[in-house]
Every structure is written in structure tokens, then in C-alpha cells.
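The block underneath contains the structure these notes are about, expressed in C-alpha cells.
This is a predicted model, so every value here is computed, not measured. Naming: A, B, ... by sequence-line order, numbering from 1 per chain.
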Amino acid sequence: MDWADELAARVSGPQVVNDSKTPSGTVHVGSLRGPVILDVVARALRAAGIPTTLLYGIDDMDPMDAQSLLTPDAVDRYMGAPLASIPDQAGDGHASYARHHAQTFVETFAGLGIRPDRYYWMSEIYPTGNLDPFIRLALDRAHVVRDIYRRVANVRHPDAWHPISVICERCGKVGTTIVTHWDGDRVYYECRPDLVKWAAGCGSAGWVSPFGGRAKLPWNLEWAAQWSLFGVTIEPCGKDLATAGGSRDRSDAIAREVFEREPPINVPYEFLNVGGKKMSTSKGKGAAAHAIADTIPPEQLRFLFVRSRPNQVVEFEPEGTDAIPRLFDEFDRYADATAGRPFRGELAAGFDATLRYSLLDPDADLAAEAGAYRAAFSHLALLVQIPGVDVVARIEAEKGSPLTARERAALDERIISVGRWLEAYAPDRARLAVRRDGLPEEAAALDDQQRAFLARLAQAVTTPGAPVTGEAWQGAIFTAAQADELPSGRAFTAIYLAFLGRSNGPRAGWLLSSLEPAFVIGRLHEAVANVPGGLA
RNA sequence: GGGCCCGUAGCUCAAUGGCAGAGCAAGUGACUCUUAAUCACUUUGUUGGAGGUUCAAGUCCUCCCGGGCUCACCA
């Protein structure tokens, strides 16, 4: 049983699983852990026969608070304005800044097999008036809210402060307004130039009704109001919010004391660390973060997150390591185990659930998916580097039967991953380079028997004309080795040393067939004749 | 300064309080057609440290060290 199943076993009755996000910037890999956990929780509940609704909110009434996300000419006008009312800075046709970025992550989620039953937009919820009862409660109990902030978070608001942000009637900003009076019908607000450091209000003031979309609840109240409005029973949150005295504590207290409802079950989760550090778009790891998502296919990315308990930091360092190949290998091992094939080592109980929750399609046939033929990542990494090899045909030959459409699609996906990995992350030892410039010094390690074998091979391929196919070359190698009674392993080592300067390599026949015969023969002779300098 | 999470083999991680284990990496060997594959075997530990509870502690308690995150004017 895996962690999500354990959670599902603890609850009864219909569940509403929720999360929400501010559409302020692009999504990086680390920030995908939350949505994956959210989705897996919902899948586990459903697998346990519990009626479950998965909701995802877009907090597009949140104020813009980062200048770097705006074009310079938009800063004065839009800092502090709701994201939903800022024009699309990318200028690619979206109705607003919020729509632009929300679309990015809706698409990203869909690509990861995360399809909430419903996305809700706060900019659409407020005008319906559905939040008005909560706005009224918050204003009536403003002293309770102030007390919670002081007690739980040690934040002291002025006595006149009320938990609502009016959208300024004149300048349209929401981050710059403060409400100081509430008469049970309207609120008195001021749009201050200096309320917050990051945005300047226009200075207007007045009495206005806070209902029907004219005002927004501060984040902690809005969160608790979402729980009440939608009947949320489970909501994971990142540990940045889950800390004591942090956002979640405040919202929990507000839910209980202001809206009089138990907060949902929390599933606090840790982050994804890259090289021991949290990923962040603002800390220079952003580009790398994006590239990682482009390199790892969705199912392996889900697997990365599903495999670990939420409270465990996921350490992942793809740069110059075999972390990515190993992720694939582990995935394949889980698949082997689930399919009932032999697999190395042992796996904790629940491995089949882990695999199931890693699949894109929640309704996929687990046995069929697990049983599908998958070429090992490192094997592919090798094949794609040999010129002239038909990788698909080669893999099909290794499988022994034609690939299914599903297997072919997975192979194509994996080949793309391999290419990106070799390009961006792979350690040098994974890259294949024929030493064109001359006999590698490592070839000094060749012994007499190996030199004799190379000589025989050179002779064999010259006499009737060089082999053309990889298979023919492979045959020639074995024949030559046999004639000298040289164990094939040492024969191959000899070839690798002569051409690659290393003791192992890809299938030698195919490697040699990708090179010009004249070069191959020349190099063979060199290796036989020359004992590179420096060694007595 | 407060809080939370974490610390187990070189790396990534397991172990209802009950003989510290896997994968990968490394090493040795096998292989006449998958040779960076496959197979067999092997090495690696003061479980961050010190106390305590217990017949028994990686696991529970206290303190310390280290790493990470977070809160104290935002969402």
C-alpha cells in the first residue's frame, strides 16, 4: 500500500480535493510536485471506492507584486492590480496576464495526466456573490481575524484594519487599499500610495459595498472561504505554507473561528531539490528547471514524485550524473515487478500502486502498461549515437516481435529524452567519440594476442572487400577472434581501445560499419604496429 | 529569534520497537553473435553526536551538531 492509499483508507464519505495557484509566472518542475500529489490523492480515493471531486482554483484576483514580471511601461500602472485585470504581457492574444499564465499551467497539468473535474477562477467567483456571506462574516468578526493574526502569526494589524481589500474604483488596484470602517452595508477604504512597498495606490478614498466582486478577501481568508464554499475535505500544501504560524495555520484558525468549519485534512509536502537546493525560477536554476521537464516524459516525472512520501525531500541532480537514466531504470523495474517479470532486488509493498499512479491515464490497463516492452534508457543512449543505426528496427529485433503502437510511441518519447539528456546533462563518459585524430594512448594496453587479433581482422576485411553491414562486421570480428582463440570479450576490448580509447563500447560491428572502411583498416594497422610512446 | 522537515553504504532510498537491507555505482569472474547487454559472485556502515527509557532503539524521550525550508510588513 502506498502513501496515497494509506490516506484514502483513513477517510470515509465523499471527498472534495482542492488546490489553487496564483497565475503569476511560469511553472517549473519543482512546483509540479503539488499538482501530482493532488492528483494521486484523488486517484487513490477513487480507487478505494470513495466518490471524489477534484477542484483546482486559479487565484487570479491576487495582486501583481513582482515588477520583473511586467514590461517596464506597465509597472506603475499595474503593480498591485489583480492579475485578472492586467493585459497579457506576452501579447499573444490572451484576455489577461492571468489567463496567459493559467493556460500554461492548465496545459502543463493536462500533459501530466492531471485533469481536475473543474477549474474555478476567483475573478469569476466573486461577481457571482457566492462569497458575499463569507465577506460579511469576516467583516463582522474583524476583531477575531485581527486576534488570530496576532496570536497565530504574530502579525499586528491596526485596530481599524478590516480583512478585505477593495478594488480601487479609480485605479483598479487591490494590493494598495485598506478598509478602516464597516457599517454593515458598506466599507470605507483608502487607496494609499505607501501601504505596501511594491505598489503605489492612487490616494482616492470612499464608501463602497464590498460585495459582488468589488472587493477581495485577503489570501488567508480567501483560502478558508474556498474550503467552506466548495466543501473541501482534503487539501495538500507545500511546506512553505505549512510551517507553524504560516499561512496554513492562519487559514485553519480562520476556518474554525470565523467561518466555523473544520479545515480540510492537510497533506504537507516537501520540495524538489536540485543539487541540494530548492528549485526556483528566480535563483538561476529556472532555465534548468524548464529543461528538466522537457527531458523527462510525463510518466517518469510523475514517478519521481509518486515514489517518495510527500514529507520527503526529493533530491534530484541531473547535471553530469546518471540520475535521469536511473529514474527510467527504476520505472522499468517497477513495471517488471508489476507485470510479474523477474526483477533485480526487492521492492517495498505498494510498488504496483506507485506504477499505476505514475501512468498518465488513470483508467489505463495496469497489466498491459506494465507488460509493455521498454528499451533500457542507457541502451538507447548508446544506439542513438551510432550513425546509421535504425534504432526502431534494432529495438524491434531485440524484442523479437513488432512493437505495438503504444510501445512505439513510448520508444519515440524515450528517444527524444535520450537526445536531450545527451545534449544537456549526460556525463562525458556517456558520450561516444571515435578518436579520429590518432591512435588513443589507451591502446598501449593492448597485449600481443589482441594485436594479433586486430591484424587478422584488418587482413580479413581487406582481402575480399570490407563488410558493409553491422552484422557482417560483427561476424568478421567473431571469426577473427575465434581463429586466434581469443575470448570474445578481449577481442571487443581491443577494438574499443583502438577506436574509442576505452575498454567498452557499443556493439562493435555496428560501430565499425558506421565508419569509412579505409579509416577502420588504417586504424587497425596503427594499433597493431604502434606501441604509443611513453611506455617502455 | 520561533517553527517544521530531514540526517542510514560512494549516490538515491527501504526497514508494525525485534538478526541494518535494496537499487545504482565500484570490484572479480563467465560469455561463439544483445558485449555500456546478460549472468554469477564480492566489498562498503560508530544509522550525524551524547545521554536516557526498554529484555531489545535506525525507530520512542532529552540535549547538541549539520543541512533544508519557513514565519515575524505578501500571496
Rounding to the closest angstrom, what is the interatomic distance between B:A57 and B:G18 at atom C1'? 10 Å
Using whole Å, report how far CD of A:Glu317 lies from P of B:U12. 10 Å
P gap between B:G10 and B:G45, integer Å: 8 Å
Between A:Phe492 and A:Tyr496, how do the two ring planes meet: parallel, tilted or perpendicular, split at 30° and 60°? parallel
When you compare B:G58 with B:U43, how far apart are their P atoms, in angstrom units rounded to a whole number? 22 Å
Taking the nucleotide of RNA chain B with the closest heavy atom to each, which residue, A:Glu471 or A:Asn220, is nearer the 5' end? A:Glu471
Which part of the nucleic acid, if any, lies within contact of A:Asp322, taking any heavy atom under 4.0 Å across all strands shown: a base, the sugar-phosphate backbone alone, or nothing? sugar-phosphate
Base, sugar-phosphate or nothing for A:Ile477? Non-hydrogen atoms, less than 4.0 Å. nothing
Could you measure between the two C1' atoms, the one in B:C55 and the one in B:G17, and give it in whole Å? 12 Å
Whole angstrom is fine here: how far is it from CZ in A:Phe316 over to P in B:C24? 17 Å
Nearest nucleotide by nearest heavy atom, which residue falls closer to the 5' end of RNA chain B, A:Ser308 or A:Gln482? A:Ser308
Nearest-angstrom distance, P atom, B:C61 to B:G68: 25 Å
Separation of the C1' atoms in B:A26 and B:C11, to the nearest angstrom: 12 Å
So, is A:Arg344 near the phosphate of B:C24, with a side-chain N or O under 4.0 Å from OP1 or OP2? yes
Could you tell me whether the phosphate oxygens of B:U32, OP1 or OP2, come under 4.0 Å of any side-chain nitrogen or oxygen in A:Ser488? yes
Presence of A:Asn311 side-chain N/O under 4.0 Å of B:C6 phosphate oxygens OP1/OP2: yes
C1' atoms of B:U42 and B:U47, separation to the nearest Å: 23 Å
Close side-chain approach of A:Phe453 to A:Ile477, heavy-atom, < 4.5 Å: yes
Round to the nearest Å and state the distance from A:Gln312 atom CD to B:U12 atom C1'. 10 Å
Determine, using ring centers only, whether A:His101 and A:Tyr97 are less than 6.0 Å apart. yes
Give a yes/no answer on whether the side chain of A:Arg250 brings an N or O atom under 4.0 Å of OP1 or OP2 in B:A72. yes
On a whole-Å scale, what distance lies between the P atoms belonging to B:U28 and B:G49? 32 Å
Here the gap from A:Leu229 atom CG to A:Phe259 atom CZ, rounded to the nearest 0.5 Å, amounts to 10.5 Å
Counting any heavy atom closer than 4.0 Å, what does A:Arg326 reach on the DNA or RNA strands: base, sugar-phosphate only, or nothing? base
Lys/Arg cation over aromatic A:Trp510: A:Arg394, 6.0 Å, 45° cone: yes
Without decimals, in angstroms, what is the distance between A:Asn273 CG and B:G7 C1'? 14 Å
Below 3.5 Å, can you tabulate the donor-acceptor pairs from side chains in residues 263-271 of chain A to any protein atom, sequence neighbours excluded?
residue  : atom : partner  : partner atom : Å
A:Glu270 : OE2  : A:Lys239 : NZ           : 2.1

